[in-house]
Amino acid sequence: MEVVYPKFRPDPGLSRAEMEELQREIAREAVFEGRFECDSPVVVGVDQAFPDEQAVSAIVAMRDGEVIERASAVTELSIPYIPGLLSFREGESILAAFEELECEPDLALFDGSGRIHYRQAGLATHMGVALDLPSVGVAKSLLCGRLSNPPEEPFSEGTRVPILADDRVEVEEGTVLGYAVQTRQYEGGSRYINPLYVSPGHRVDPETAASLAQAHCEGYKLPEPVRRADSYAGELADEARQ
DNA sequence: GCGACAG
DNA sequence: ATCTTGTCGC
């Protein structure tokens, strides 16, 4: 598929201030609402691996529980990881992989934050806006924001706790940015799984983002397309190291 | 100076 | 994320 808005391509050569300003522009362009009603959607999971100084991006496309396509791309890493600027480190590789994808996805699930971000423009939002594609951010840890009235831990399976904007986020404090979603939990009290932090990327509201993430979990913590992309990226990274 | 910090 | 051994639990 094509990058609809080239002006939003993440350029690692920008200054930090320019990156942050582009993120504010992306956040203004992003739509954090929508219920995503689609019959038999093509859903892609996106993940990366980093063998040596390269970024390997992997996309797995699924429809009705079946894998229909895989795509990937490899680029050289040019900047280090900086909290809040992740999309400028990994985005070029991800967009290159999307340009290799032949099918037309209806939704993308990313491994990282969407609206849960200092400038409301995390990886899922940046990519979703650049591609003009509905997207959801699925993170394994919380970048910013705070849980609203969390119940006792450990959260039981199916629990959803709102993530509210705190003073680190450039938006009215208390705004619902996403949800902590306990997609999987053990029953006994021995081991315990952390929740996912799910937020809108583009064209979905926070509740819909949480529902979409949950709906794609098949007995595992991560949504199936993301699990598959994670696995695929790992395979490609192993080959790249050889 | 101290704490926070997606992947 | 990546570098790595063992260990716990079903």
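A note on names: the letters A, B, ... follow the listed sequences, proteins ahead of strands, and every chain is numbered from 1.
Centre separation under 5.5 Å together with a plane angle under 30° does not hold for the ring of A/F50 and the six-membered base ring of B/dG7, so they are not marked as stacked.
Looking at the side chain of A/D47, the nearest of the listed nucleotides B/dA6, B/dG7, B/dC5 is B/dG7. For A/L123, taking side-chain heavy atoms from C-beta onward, the closest of the listed nucleotides B/dA6, B/dC5, B/dG7 is B/dA6. In this structure, of C/dT2, B/dA6, B/dC5, it is B/dA6 that holds the atom nearest to the side chain of A/H117.
A cation-pi contact, defined as under 6.0 Å to the ring centre and within 45° of the axis, links A/R227 to A/Y220. Taking the centre and axis of the six-membered ring of A/Y232, the NZ or CZ atom of A/R70 falls inside the cone set by 45° and 6.0 Å.
The phosphate of B/dA6 has neither OP1 nor OP2 within less than 4.0 Å of any side-chain N or O from A/K140. When the side-chain nitrogen and oxygen atoms of A/Y197 are compared with OP1 and OP2 of B/dA6, none of them lie within a distance under 4.0 Å.
A salt bridge is absent between A/E29 and A/R203: the closest approach of a Lys/Arg side-chain nitrogen to an acidic carboxylate oxygen does not fall below 4.0 angstrom.
As judged by a 4.0 angstrom heavy-atom cut-off over every strand, A/G137 is placed among residues making no nucleic acid contact. Contacts of A/S113 with the nucleic acid, taken as non-hydrogen atoms under 4.0 Å apart, include base atoms. Note on A/I116: nothing from the nucleic acid sits closer than 4.0 angstrom, heavy atoms only. Looking at heavy-atom distances under 4.0 Å, A/L196 makes no contact with the nucleic acid at all. If you check every strand for non-hydrogen atoms under 4.0 Å, A/R241 touches sugar and phosphate atoms only.
Under the 3.5 Å distance criterion, with hydrogens and angles disregarded, no donor-acceptor pair is assigned to the side chains of A/S93 and A/E90.
Spacing between atom CD1 of A/I163 and atom P of B/dC5 amounts to 12 Å, rounded to whole angstrom units. With rounding to whole Å, A/N194 atom CG is found 11 Å from B/dG7 atom P. We find that CD of A/Q54 is positioned 13 Å from P of C/dT2, with the value rounded to whole Å. Per the geometry, CD1 belonging to A/I82 stands 12 Å off C1' belonging to B/dC5, to the nearest Å. Rounded to an integer number of Å, the gap from CG of A/L177 to P of B/dA6 is 15 Å. Remark: P of C/dA1 and CG of A/D52 are 17 Å apart, rounded to the nearest angstrom. The OH atom of A/Y118 sits 8 Å away from the C1' atom of B/dA6 (whole-angstrom rounding). In this structure, A/Y186 atom OH and C/dC10 atom C1' are separated by 9 Å, rounded to whole Å.
Residue A/P51 is the one, among A/R191 and A/P51, whose nearest nucleotide of DNA chain C lies closer to the 5' end (criterion: closest heavy atom).
Between A/F88 and A/H126, the two ring planes are perpendicular [angle over 60°; tilted spans 30° to 60°].
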